Amino acid sequence: MRIIGIFLFCLLSFVSYGQSQLVDSLQNILKSQPDDSTRASVLGDLCWHLKYSDPSKALEYGHQAISIAAKNGYDALQAYASNNVGVVFWAKSDYDSATYYLEETRKIYQSLNNERGVAVTSVNLGLILQNKGDYDTSLEYQLEALRIINSLEDQGSKGSVLTNIGNVHFLNEKFDKAKTYYFEALEFKKSLPDDQFRQNLHKTLLNIGNVYDRMENTDSAIYYFQEALPYAIDSDDTKSQALIYTDLGHAFSEKGEFNLANDYFDKAMSIYSNGFYENDYDYSILLYSLAQNELRRKNIGAAVKLAEQSLELSKKIQNPNRLKDSYGLLAEVYEANRQFAPALEAQKLFRVYEDSLLNLETNKEIAELETKYETEKKDQQILLLDQQNSLQQAKNQRNSIIIGALFLVVLLLLLVFYLWRKQSQINQQKVLSEQKTRLREAQIQAVISSEEKERKRFAADLHDSMGQLVSALNMNIQGLKSSSNDPLVRNEIVDNSATILDDIQREIRNIAFNLMPQVLTNEGLISALEELIARINKSHQIQAKVQVFGLGERLNEVFEISLYRILQEWISNVLKYSDATELFIQFKAHEEEIIITVEDNGMGFDLSTFENSKGNGWRNIHTRLNLIKGEMEIDTQSGRKNNTLLLTIDKSLALQNNPQMINT
């Protein structure tokens with residue numbers, strides 16, 4: 001099934017007109033040698049206007065704008081340029097880099113007390129999470145933006161945010177609710193003056209068409225797609241044009257009008273192939289729809305090729321919905337091509353992703369987040385009625401109590417997810433300023449796989465250890481009910497319960513340390529390693545030691561976290577496989593580089609087998625080492641004792657205060 005691809009980034013500083021004419025005008029301003037303030041502003045504009053047509057050039061302009069603005073203390077211009085760079089990375093489906101720059105933008109706006117800027121970045125971050133399949137957190141950001149916009153009476157952005165909220169419901173297959181938000185957004189936009197905000201009508205019309213398509217009302221879907229197309233063409237929005245052509249092709253294919261469907265698919269394909277718009281998520285949908293059309297036309301060979309291409313892009317962006325749909329279609333085309341073994345494997349993977357999306361807790365969280373917004377909105381209405389009519393005071397007080405109770409429920413929910421959110425924030429801060437545009441797919445998959453493995457391990461720890469302890473505590477509490485008035489029995493149960501609470505607290509500390517040691521964030525890499533070594537030594541399995549020479553200050557956050565994870569992975573392998581009894585870690589800072597040596601007396605291994613393994617260990621080490629531009633040497637040999645790992649990093653990069661510039 002097709003997934004909606006309409007995501008609107010809300011920068012509304014400039015009215016759009018002929019794209020090439022505007023870009024030429026801005027470039028002419030640069031040639032006139034303007035002052036730094038004007039130069040930073042123009043470079044930020046060029047980054048925005050070239051985000052689809054020339055993303056590489058857009059990033060170049062954006063980074064220049066950030067550098068000039070940061071150097072001169074132009075905070076507002078720095079936030080504007082950083083936001084635009086984040087949007088470019090989003091358009092390129094590089095969601096981690098996009099998240100990094102948008103978080104930086106958000107921090108600047110918060111320091112400036114710019115609530116509208118915070119709302120804009122909340123919208124953009126919500127859209128990125130939408131593409132990554134994290135719909136509950138996406139809705140949280142969108143509702144936060146809507147609250148700010150309502151408080152500011154910002155009519156220009158409200159329609160877009162309503163559309164984004166509809167998108168979350170659409171992706172959770174709540175089509176009636178999504179349609180309600182889309183039509184509310186459409187009516188709101190139509191009520192505005194004929195300015196830049198009404199130019200976004202085509203995006204809302206396209207969303208309505210997609211809802212009708214998913215509700216199998218193909219004729220209504222085609223009507224709204226065709227209504228949206230002229231607006232998209234007039235506003236020179238190549239992204240929306242590509243999506244509309246794709247959706248029209250899909251709709252006519254479902255009606256059996258295959259030639260007409262191909263005409264629209266060809267128009268969409270020309271936009272991608274000519275470089276007018278680049279986005280792996282949306283392009284995967286086009287390939288998926290083309291494969292469906294070829295399957296219906298009985299062109300099985302072409303359908304197989306297109307379905308496999310769509311799956312490759314879905315793997316690259318790691319969106320659960322796209323992966324589910326791609327595997328489902330691939331199972332169909334393989335079966336039609338009489339490739340029964342691959343068809344069965346694809347069907348199994350389709351079921352895996354389908355089951356993972358049926359998460360009742362996610363739906364519950366979304367409903368509670370909506371309740372929070374609705375109750376806050378109701379509170380404002382109650383306060384207004386209280387001012388207008390004092391006779392309603394009793395009713396208002398009763399409603400305030402209800403709202404307070406609901407607010408406490410939401411706070412409890414937020415506390416449950418605190419650890420998860422903390423990890424997410426730390427991971428977002430680790431993203432570098434600009435990742436290389438041609439990172440190997442294997443490296444990207446390694447990072448994603450590592451994150452998924454960590455989440456599963458974290459969930460298992462909570463379930464296996466905490467679940468048993470909580471159950472035991474519950475049994476003790478139940479025992480208090482049945483223990484009558486026997487003080488000895490009740491005291492024994494209370495003492496046992498206190499012991500269990502101590503165990504729960506210890507388990508929480510262990511889980512928190514495994515997830516992200518606080519000492520790493522607060523005191524730095526060396527302290528974190530010393531704490532890790534202390535834990536290892538307590539096991540009496542191995543005797544470990546850390547020495548530091550010449551390193552008198554902390555490294556920047558990206559280097560500290562990357563080196564910690566590399567050393568943690570290596571130490572884990574030593575403990576698991578080498579039968580070592582001694583482990584020695586040494587940091588030595590030279591004038592231009594820092595050298596980290598890890599030695600153990602365990603059995604060696606075949607290095608080529610390690611490097612070519614399909615596991616995540618080697619790929620995680622290699623990916624993080626590339627992130628900090630480090631070098632690695634391993635001295636080991638199968639059948640020989642003693643192994644050595646040698647890491648070399650650039651000292652100036654490791655100590656600089658702006659880690660986002662490392663990977664430029």
Side-chain angles (χ1 to χ4, degrees), residues 440 442-443 446-447 449-450 453-454 457 461 510 513-514 516-517 519-520 524-551 555 559-590 592-651 654:
R440 294 182 302 171
Q443 292 175 328
V447 174
S449 297
S450 176
K453 179 180 177 182
E454 184 66 13
R457 184 196 61 73
D461 286 348
N510 289 336
F513 178 82
N514 290 332
M516 174 56 73
V519 68
L520 177 61
L525 174 62
I526 303 304
S527 297
L529 284 174
E530 289 174 345
E531 181 172 347
L532 176 63
I533 292 303
R535 287 173 175 259
I536 293 172
N537 288 338
K538 285 181 181 179
S539 69
H540 301 295
Q541 176 184 354
I542 191 171
Q543 186 64 34
K545 184 178 180 181
V546 178
Q547 283 189 347
V548 181
F549 298 99
L551 189 62
L555 310 182
F559 273 77
E560 288 195 334
I561 294 175
S562 297
L563 288 173
Y564 182 83
R565 293 305 185 197
I566 290 170
L567 294 173
Q568 186 182 44
E569 182 71 35
W570 183 263
I571 293 170
S572 175
N573 287 332
V574 171
L575 294 176
K576 288 180 181 178
Y577 307 118
S578 73
D579 293 328
T581 59
E582 296 180 0
L583 178 72
F584 179 69
I585 303 174
Q586 182 185 80
F587 282 73
K588 192 167 184 180
H590 298 279
E592 297 182 353
E593 62 185 13
I594 299 173
I595 298 177
I596 303 102
T597 306
V598 184
E599 298 177 317
D600 67 82
N601 64 348
M603 293 301 300
F605 56 89
D606 186 347
L607 183 59
S608 63
T609 301
F610 179 52
E611 293 175 342
N612 297 322
S613 68
K614 296 182 179 179
N616 289 327
W618 166 254
R619 289 188 291 172
N620 286 343
I621 291 174
H622 196 61
T623 299
R624 295 186 184 277
L625 195 62
N626 283 344
L627 183 66
I628 59 176
K629 291 189 173 182
E631 297 179 358
M632 175 174 62
E633 295 181 24
I634 300 176
D635 181 15
T636 184
Q637 185 176 336
S638 180
R640 187 198 74 186
K641 297 194 70 173
N642 298 325
N643 305 294
T644 302
L645 169 69
L646 188 68
L647 302 175
T648 305
I649 58 175
D650 189 304
K651 185 177 180 181

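Source: prediction; values computed, not measured.
Proximity of Trp570 to Ile634: side-chain heavy atoms (C-beta onward) are separated by under 4.5 Å at one or more points. Put simply, the side chain of Ile566 does not reach to within 4.5 Å of the side chain of Ile596, judged on heavy atoms. Contact of the Ile649 side chain with the Leu563 side chain is registered, since non-hydrogen atoms from C-beta on lie closer than 4.5 Å. Using a 4.5 Å cut-off on side-chain heavy atoms (C-beta onward), Arg565 and Asn620 make no contact. Two residues are said to be in side-chain contact when any heavy atoms from C-beta on lie closer than 4.5 Å; Gln543 and Leu583 fail this criterion. Within the 4.5 Å cutoff, no side-chain heavy atoms of Val598 are placed close to those of Leu647.
Between the NZ atom of Lys588 and the CG atom of Leu551 there is a distance of 13.0 Å, given to the nearest 0.5 Å. Rounding to the nearest 0.5 Å gives a distance of 12.0 Å between CZ of Phe587 and CD1 of Ile595. Atom CD in Gln547 sits 11.5 Å away from atom CD1 in Ile526 (nearest 0.5 Å). Note: Leu627 CG to Arg624 CZ = 8.0 Å, rounded to the nearest 0.5 Å. Atom NZ of Lys545 and atom CG of Leu529 lie 15.0 Å apart (nearest 0.5 Å). Of the inter-residue distances, the one linking Leu645 atom CG with Met632 atom CE reads 6.5 Å to the nearest 0.5 angstrom.
Under 3.5 Å, the side chains of Asn573 and Ser578 contain no donor-acceptor pair of N or O atoms.
Here the closest non-hydrogen pair linking Gly550 and Ala589 is O-CB, 3.3 Å. The two residues Glu560 and Leu520 have their closest heavy-atom pair at OE1-O, 3.8 Å. Gly604 approaches Thr636 most closely through the heavy-atom pair CA-OG1, 3.2 Å. Pairing each heavy atom of Glu631 with each of Leu625, the nearest pair is C-CD2, 3.9 Å.
Panel note: side chain Gln541, backbone Leu575; a donor-acceptor pair is recorded below 3.5 Å. Under the 3.5 Å distance criterion, the side-chain polar atoms of Asp635 are left unmatched by any main-chain donor or acceptor of Thr644. For Asn643 (side chain) and Asp600 (main-chain N/O), no donor-acceptor pair under 3.5 Å exists by modelled atom type.
Annotation: side-chain contact (heavy atoms from CB on, under 4.5 Å) contacts of Asp579 (sequence neighbours excluded): none. Every residue meeting the side-chain contact (heavy atoms from CB on, under 4.5 Å) condition with Lys641, not counting sequence neighbours, appears here in chain and number order: Met603. Scanning for ring-ring contact (aromatic ring centres under 6.0 Å, His included) contacts around Phe605 gives Phe610, with sequence neighbours left out.
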Could you please spell out the steps behind the side-chain contact (heavy atoms from CB on, under 4.5 Å) verdict for Phe559 and Ile594? CA-CA 11 Å; Phe559 273 77; Ile594 299 173; over 6 Å; no

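More than 12 heavy-atom neighbours from other residues, nucleotides or ligands sit within 6.0 angstrom of CD on Gln586.
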